Amino acid sequence: MWSAGRGRAAGPALLGLLLALSLPGGRAAKTDAGLVTCGSVLKLLNTQHRVRLHSHDIKYGSGSGQQSVTGVEASDDANSYWRIRGGTEGGCPRGSPVRCGQAVRLTHVLTGKNLHTHHFRSPLSNNQEVSAFGEDGEGDDLDLWTVRCSGQHWEREAAVRFQHVGTSVFLSVTGEQYGSPIRGQHEVHGMASASTHNKWKAMEGIFIKPSPEAPGGHDEL
């Protein structure tokens, strides 16, 4: 049985911005560099199954009982926005391009929980459960994901993988779909090996412009 939690809503200004992006004709901010930067807020599309990484204030009815993470086909859902942040020790100054091989946290904007995985079975495929965990962006060391890409930095037009630092699984979708109360949403889980099921591309969002001062800055998130 699924249960609804009590997530913390985003601030009014941020929520208004996300709603504006969700409307038809809403446009993401563009930068000339075409790089994903620390502090950016974006949606992630699984390129194989064409669903966006999503979370919401609904908890798993099995496994960890933490906030569920799914994949949705809709492109205009505000619950699919994630903020790119550094680890608990920083290392991701606002506006600095995300490096290939860098460990980041993905914080769900509307609930403040971090993308997380651990040794629980996922509900449908019996792979590794992926959840959203923590409060106000603070969780634990199982919130860290390494960005796997080619080249020096995460390019917005390139497909990348996210490999979990603590358990080595890849953030994946394989097509299983839930019934009520989240009918039609796809299971997101961790898989042990790299495949076409774990490629993701940056989509709609607010991309912080790369700054030459960023390497000497500080993590404001």
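The shown structure was predicted, so the numbers you read here are calculated from the model rather than taken from an experiment. Every heavy atom of this structure was used, including side-chain atoms; hydrogens, water molecules and symmetry mates were not. Position 1 is the first residue of the sequence; numbering continues from there.
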Colleague: Could you pull out the closest heavy-atom pair between Arg50 and Thr47, with the gap in Å?
Modeller: CD-O, 3.5 Å
Colleague: State, yes or no, whether a side-chain contact exists between Asn127 and Ser172 at a heavy-atom distance under 4.5 Å.
Modeller: no
Colleague: If you group Ile, Leu, Val, Met, Phe, Trp and Tyr whenever their side-chain heavy atoms sit less than 4.5 Å apart, what else falls in with Val169?
Modeller: none
Colleague: Without swapping roles, check the side chain of Ser55 against the backbone of Ser68 for a donor-acceptor pair under 3.5 Å.
Modeller: yes
Colleague: Can you tell me how far the CZ atom of Arg94 sits from the CD1 atom of Ile208, to the nearest 0.5 Å?
Modeller: 4.0 Å
Colleague: Over all heavy atoms of both residues, which pair between Gly63 and Glu129 is shortest? Give the atoms and the distance, please.
Modeller: CA-OE1, 3.7 Å
Colleague: Using only atom types and a distance under 3.5 Å, with no angle test, would you say the side chain of Ser195 pairs donor to acceptor with the backbone of His197?
Modeller: yes
Colleague: In terms of the angle between their ring planes, are His186 and His49 parallel, tilted or perpendicular, with boundaries placed at 30° and 60°?
Modeller: tilted
Colleague: Going through the distances and angles, do Gln102 and Cys92 end up as a side-chain contact (heavy atoms from CB on, under 4.5 Å)?
Modeller: CA-CA 9 Å; Gln102 181 174 349; Cys92 196; 3.8 Å; yes
Colleague: When rounded to the nearest 0.5 angstrom, what is the spacing between CG in Asn79 and CZ in Arg52?
Modeller: 14.0 Å
Colleague: Residues in ring pair (Phe, Tyr, Trp, His ring centres under 6.0 Å) with His153, at least two apart?
Modeller: none
Colleague: May I ask you to test the Tyr178-Leu124 pair for a side-chain heavy-atom distance under 4.5 Å?
Modeller: yes
Colleague: Kindly give the heavy-atom pair with the smallest separation between Val147 and Phe162, and that separation in Å.
Modeller: CG2-CE2, 4.0 Å
Colleague: Where do Arg83 and Val109 come nearest, in terms of heavy atoms and distance?
Modeller: N-CG2, 4.0 Å
Colleague: Is any side-chain heavy atom of Gln48 closer than 4.5 Å to one of Val173?
Modeller: no
Colleague: Given 3.5 Å as the limit, does a donor-acceptor pair link the side chain of Arg148 with the main chain of Ala194, or not?
Modeller: no
Colleague: Can you list everything that forms a ring pair (Phe, Tyr, Trp, His ring centres under 6.0 Å) with His54? Sequence neighbours excluded, please.
Modeller: His56
Colleague: May I ask you to decide if Ala202's main-chain N or O and Trp154's side chain share a donor-acceptor pair within less than 3.5 Å?
Modeller: no
Colleague: Going through the distances and angles, do Gln128 and Thr117 end up as a side chain to side chain donor-acceptor pair (under 3.5 Å)?
Modeller: CA-CA 7 Å; Gln128 186 164 300; Thr117 190; 3.1 Å; yes
Colleague: For the atom pair NZ (Lys43) and CH2 (Trp200), what is the distance rounded to the nearest 0.5 Å?
Modeller: 13.5 Å
Colleague: Under the 3.5 angstrom rule, does the side chain of Asn198 hit a backbone N or O of Leu171 as a donor-acceptor pair?
Modeller: no
Colleague: So which heavy atom on Gly184 is nearest to which on Gln177, and how close?
Modeller: O-OE1, 3.2 Å
Colleague: Rounded at 0.5 Å granularity, tell me how far CG in Leu42 sits from CZ in Arg156.
Modeller: 9.0 Å
Colleague: Under 3.5 Å, side chain of Gln163 to main-chain N/O of Ser168, donor-acceptor pair present?
Modeller: yes
Colleague: For Asn46 and Val188: C-alpha separation, side-chain torsions, deciding distance, then whether side-chain contact (heavy atoms from CB on, under 4.5 Å) applies.
Modeller: CA-CA 10 Å; Asn46 184 279; Val188 172; over 6 Å; no
Colleague: Does any non-hydrogen side-chain atom of Ser80 lie less than 4.5 Å from one of Glu204?
Modeller: no
Colleague: Are any of the side-chain heavy atoms of Arg99 and Gln152 separated by less than 4.5 Å?
Modeller: no
Colleague: Under a 3.5 Å threshold, yes or no: a donor from one side chain and an acceptor from the other, between Ser125 and Glu187?
Modeller: yes
Colleague: Of all the heavy-atom pairs spanning Phe133 and Asp143, show the shortest one and how long it is.
Modeller: CD2-OD1, 3.9 Å
Colleague: Rounded to the nearest 0.5 Å, what separation is found between the OG1 atom of Thr196 and the CZ atom of Arg161?
Modeller: 8.0 Å
Colleague: Less than 4.5 Å apart, side chain to side chain, heavy atoms only: is that true for Ser64 and His118?
Modeller: yes
Colleague: Would a distance-only check, ignoring hydrogens and angles, find a side-chain to backbone donor-acceptor pair under 3.5 Å from Ser131 to Gln67?
Modeller: no
Colleague: Applying ring pair (Phe, Tyr, Trp, His ring centres under 6.0 Å), can you list everything that pairs with His108, at least two apart in sequence or on another chain?
Modeller: Trp82
Colleague: Check whether Val72 and Tyr60 end up in the same hydrophobic cluster, where Ile, Leu, Val, Met, Phe, Trp and Tyr are linked by side-chain heavy atoms less than 4.5 Å apart.
Modeller: no
Colleague: Are any side-chain N or O atoms of Arg105 and backbone N or O atoms of Gly87, one a donor and one an acceptor, separated by less than 3.5 Å?
Modeller: yes
Colleague: Please check if the number of heavy atoms outside Glu73 that lie under 6.0 Å from its CD is greater than 12.
Modeller: no
Colleague: So which residues get pulled into Leu144's cluster when ILVMFWY side chains under 4.5 Å apart are joined, directly or through others?
Modeller: Val165
Colleague: Given the rule that I, L, V, M, F, W and Y join up when any side-chain heavy atoms are under 4.5 Å apart, are Phe170 and Leu142 in one cluster?
Modeller: no
Colleague: Going by the salt bridge (charged side-chain N to carboxylate O under 4.0 Å, His left out) test, which pairs reach into residues 190-201, not counting sequence neighbours?
Modeller: Glu157-Lys201
Colleague: With a 4.5 Å limit on heavy-atom distance, are the side chains of Leu44 and Leu106 in contact?
Modeller: yes
Colleague: Salt-bridge test for Lys113 and Glu135: reply yes if a basic N is under 4.0 Å from a carboxylate O, no otherwise.
Modeller: yes
Colleague: For the pair Thr107 and Asn114, evaluate side-chain contact (heavy atoms from CB on, under 4.5 Å) and give the outcome as yes or no after the intermediate values.
Modeller: CA-CA 4 Å; Thr107 301; Asn114 297 324; 2.6 Å; yes
Colleague: In the structure I gave you, are the side-chain heavy atoms of Ile84 and Thr37 within less than 4.5 Å of one another anywhere?
Modeller: no
